[in-house]
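Step one of this worksheet: look at the structure below.
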Amino acid sequence: MSSEIYDKVYRLAMKDFRNKTSKGQYPYLRVLDEILSYTNIVSKENLGLVNIPLDQIVGTKTAGRTNAFASNFMPLLTRDSEFAMKWCKLYEAHLEEGIREPVKAYEFMNRFYILEGNKRVSVLKYCDAVTASAFVTRLIPEPDDSDESKIYYEFLDFYEKTGINYLNFSQPGSYTKITQLAGIEPERVWTDLEKEQFHSSYIRFTKVFERKDGNTLSLTYGDAFLIYLDICGYEDMPEKGEADIEEEITRLWNDFVFYPEKPELRLLMNAEPVVERKSLVKRILPLNQEPLKIAFIHAKTVETSSWTYGHDLGCGHLAEVLADEVEIQSYFQADSPEEEVACFEQAIADGNTVIFSTSPKLLDTSIRYAVKYPKLKILNCSLNTSCNHLRTYYGRLYEAKFLIGAIAGIMSQSDKIGYIADYPIYGMIANINAFALGAQMVNPKIKIYLKWSKMKSEYSENTLEDIDVSFISGRDFIRPEEDSTQFGLYDADGDELVNLAMPVWNWGVFYEQTVRSILNGAWKQEVPKGENQSINYWWGMSSGMVDVICSNRMPSGTVRLVELLKKNISSGEFKPFSGIINSQDGLVHNVMEEGITAEEIITMDWLADNIIGSIPTMDELIDEAIPIVEVQGVAKVKEPDGENDA
């Protein structure tokens, strides 16, 4: 019987050998000694007795047994050889009592090379075992700038805290991210229970992923598991059955296929005219349709957030202009992971088929529910999101900020203007720079003093009052019951605050146009069938979604100049980010007429050279800011040596 088995494994070996040879690939086991001949090993570490994943055993330590095995560890020596007889006896012993004697192996770059026990590994691999017991010596190479080296050193740190050696990634940063997704503090050693639960989740996922032929894709199982957890979450993994996991894997299949590439980011910069697209049946036989049920999910309340208040005004506009065609429900205070889930669950239970989540903080939960309920239309108010499971929307507020900056530069009696920003997220840096460039256009000597409202007090720089600025660009919006005039552009140099101008978010313009496109079928036409695209609406002043309001305290000539600039920006004849732009770090952005690209504007992480201030690091922000900045931020992490690294 065992001789028949040997004939089978020999055929598997020859098949693998011919396949590798035909492709010009090395057909035998890799030899670690040959690899080490051109590698600088900086340290060795005895790991003791370890269970090592069989799929990560890729070769031998020395060249002695190289020609005895194909690259899949199946034997190449013929049936009448002494080697074949020993292999068969070992196979029979494994069937009777299992292979108990550990092999000896070297670990290099999280791959294993056998010093003693190649035949044991061969038998175990043929019998579809998962792990082998081994005495392991780790060889650590000198680090370099390659992604492979970065990933390995991240693995070493991960292994020290977890003892997990079965997880492999192809992209730097993945070990840190999966620790975060597992809900474990980055510097803490994992408990036995946490390791057991994680391993159970990983095994169940990989079992289903392999059944779906995930092993034919180019990414590692670790990559696939990371993608899955990033979108579907980890906390409810213990309750998921294989059928649930398989359904989610099916919905995420393109994410696996195209990894590490993300869906093409498609920015829709203008509001296209709404064209009626009724089907032939609807044109011939008009039917009385039920109102479209639309949910608005807000991170805060109207009473506590001017941002929420602005979106709620847009919601009210939508209800007014499409009163007979829509039914709207609003859900507030989604300010924790539990409340986010509760709001989404309730919105879906209430029968809503369109959901607007109005904060970048809600992005991750929005994606999760978009995957879970692919027939729903979910849109999140955020910028620079590459995900084909939902759509996002935001406004080119930098266009308005450029005009506000020009007003400040004209009206200021000094060369000092203040600017108060909140979250260092996508788009915010463009707003600050546009304001600074607008002011500089009319006053080349002007300086913008930047202050962040979401920084911890111990990191805050001098207040704007101490700097003696004349004008301040404050919050974009306030709640009606709030007794404050510190919004928009205001004059702080005097006994009474005087508001001159303010940028405006007309969210109702976007909500009306988008819902009309859903009602008439134009929504489906925006993404060509079968294309892997991520739709981001990023409308500006030309759509009416973003605007500037000037007070009657402004001189009429200044108002006329603002209107002229607005007209030229809206038509595309003038671009705020064009010409020669100098940044704080000494770089010159010489883009002349064409201007900086939309993608470069969104992801700006530099400040213009007339700005006094900096982008805060993550450790300088208050706790409230962290969730938003983690999802959509350009803030940097401060390294121990004082240098910043994105």
Side-chain angles (χ1 to χ4, degrees), residues 171 173-174 177-178 180-183 205 219 223-237 240 244-245 247-268 294-299 331 334-348 352-394 425-427 514 523 526-527 531-538 602 626-633:
Q171 301 298 312
S174 298
K177 187 171 184 179
I178 206 160
Q180 178 186 2
L181 292 173
F205 170 82
L219 77 176
D223 292 333
F225 193 48
L226 179 63
I227 294 169
Y228 176 80
L229 293 186
D230 192 26
I231 296 177
C232 299
Y234 177 74
E235 60 277 359
D236 57 349
M237 278 296 291
K240 288 182 181 178
D244 300 319
I245 296 173
E247 185 177 349
E248 290 171 331
I249 286 176
T250 300
R251 292 171 183 165
L252 295 175
W253 195 249
N254 277 347
D255 296 78
F256 302 133
V257 170
F258 292 103
Y259 185 81
E261 295 181 10
K262 292 187 176 182
E264 178 189 353
L265 188 64
R266 184 181 172 200
L267 289 171
L268 299 184
I294 303 171
F296 284 82
I297 299 179
H298 307 283
Y331 305 83
D335 59 354
S336 69
E338 295 76 18
E339 288 301 323
E340 290 179 29
V341 169
C343 286
F344 271 90
E345 290 288 349
Q346 189 60 55
I348 293 168
N352 293 289
T353 57
V354 178
I355 297 177
F356 293 98
S357 56
T358 64
S359 169
K361 181 177 179 291
L362 302 174
L363 176 60
D364 285 347
T365 304
S366 300
I367 293 174
R368 189 174 303 179
Y369 276 88
V371 171
K372 188 175 181 180
Y373 299 98
K375 291 185 179 181
L376 297 182
K377 295 177 176 63
I378 298 180
L379 300 93
N380 175 256
C381 186
S382 60
L383 192 59
N384 199 43
T385 298
S386 182
C387 176
N388 59 7
H389 301 291
L390 50 56
R391 302 187 188 187
T392 60
Y393 61 100
Y394 214 74
I425 59 176
Y426 294 128
T514 301
W523 166 277
E526 290 178 339
V527 182
E531 292 199 12
N532 189 35
Q533 290 188 347
S534 176
I535 298 295
N536 286 217
Y537 300 98
W538 197 35
I602 291 171
I626 299 300
I628 295 178
V629 178
E630 283 181 338
V631 174
Q632 286 275 291

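Between E247 and K240 there is no salt bridge, since none of the side-chain N atoms of the basic residue sits less than 4.0 Å from a carboxylate O of the acidic one.
Heavy atoms only, all atoms of each residue included: L362 and H298 are closest at CD1-C, 4.2 Å. Nearest heavy atoms, S366 versus F344: OG-CZ, 3.4 Å. The shortest heavy-atom contact between S336 and K361 is N-NZ, 3.8 Å. Closest of all the heavy-atom pairs between Y393 and S357 is OH-O, 3.8 Å. E345 approaches Y369 most closely through the heavy-atom pair OE2-OH, 2.8 Å. Across all their heavy atoms, Q533 and P263 have their closest contact at C-CB, 4.0 Å.
Checking side-chain atoms of N380 against main-chain N and O of T358 turns up no donor-acceptor pair under 3.5 Å. Between the N352 side chain and the I294 main chain, a donor and an acceptor come within less than 3.5 Å of each other. Using modelled atom types, one side-chain atom of S534 and one backbone atom of C387 make a donor-acceptor pair closer than 3.5 Å. In this structure a side-chain-to-backbone donor-acceptor pair under 3.5 Å is present from N536 to T385. The backbone N or O of L383 lies less than 3.5 Å from no partner atom in the side chain of T392, so there is not a single donor-acceptor pair. A donor-acceptor pair under 3.5 Å is absent between the side-chain atoms of R391 and the main chain of I535, judged by distance alone. S174 places a side-chain N or O within 3.5 Å of a backbone atom of Q171 that can act as its donor or acceptor partner.
Atom SG in C232 sits 10.5 Å away from atom CG in D244 (nearest 0.5 Å). Here the NZ atom belonging to K372 is positioned 15.0 Å from the CD1 atom belonging to I231, to the nearest 0.5 angstrom. If you take CG on L181 and CD on E235, they are separated by 9.5 Å, rounding to the nearest 0.5 Å. To the nearest 0.5 Å, atoms OH (Y259) and CG (L219) are separated by 7.5 Å. Residue L363 holds its CG atom at 11.0 Å from CZ of R368, rounded to the nearest 0.5 Å. Put simply, OH on Y331 and CD on E340 are 15.5 Å apart, with the number rounded to the nearest 0.5 Å.
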Next on the checklist: Evaluate L229 against M237 for side chain to side chain contact (heavy atoms under 4.5 Å, CB included), listing each step before the verdict.
Outcome noted: CA-CA 9 Å; L229 293 186; M237 278 296 291; 4.2 Å; yes

Next on the checklist: side chain to side chain contact (heavy atoms under 4.5 Å, CB included) for I355 and I348? Distances and angles first, verdict last.
Outcome noted: CA-CA 9 Å; I355 297 177; I348 293 168; 4.2 Å; yes

Next on the checklist: Applying side chain to side chain contact (heavy atoms under 4.5 Å, CB included) to I245 and Y228, what does each step give before you reach the verdict?
Outcome noted: CA-CA 9 Å; I245 296 173; Y228 176 80; 3.6 Å; yes

Checklist entry - Between W538 and I602, does a side chain to side chain contact (heavy atoms under 4.5 Å, CB included) hold up when you go through it step by step? => result CA-CA 10 Å; W538 197 35; I602 291 171; 3.6 Å; yes

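Ring orientation note: the planes of W253 and F256 are nearly perpendicular, at an angle over 60° on the 30°/60° scale.
Proximity of T365 to I297: side-chain heavy atoms (C-beta onward) are nowhere separated by under 4.5 Å. Side chains of K375 and T353 form no contact here, defined as non-hydrogen atoms less than 4.5 Å apart. Using a 4.5 Å heavy-atom cutoff, the side chains of H389 and D255 are in contact. In this structure the side chain of I378 never reaches within 4.5 angstrom of the side chain of Y373, judged on heavy atoms.
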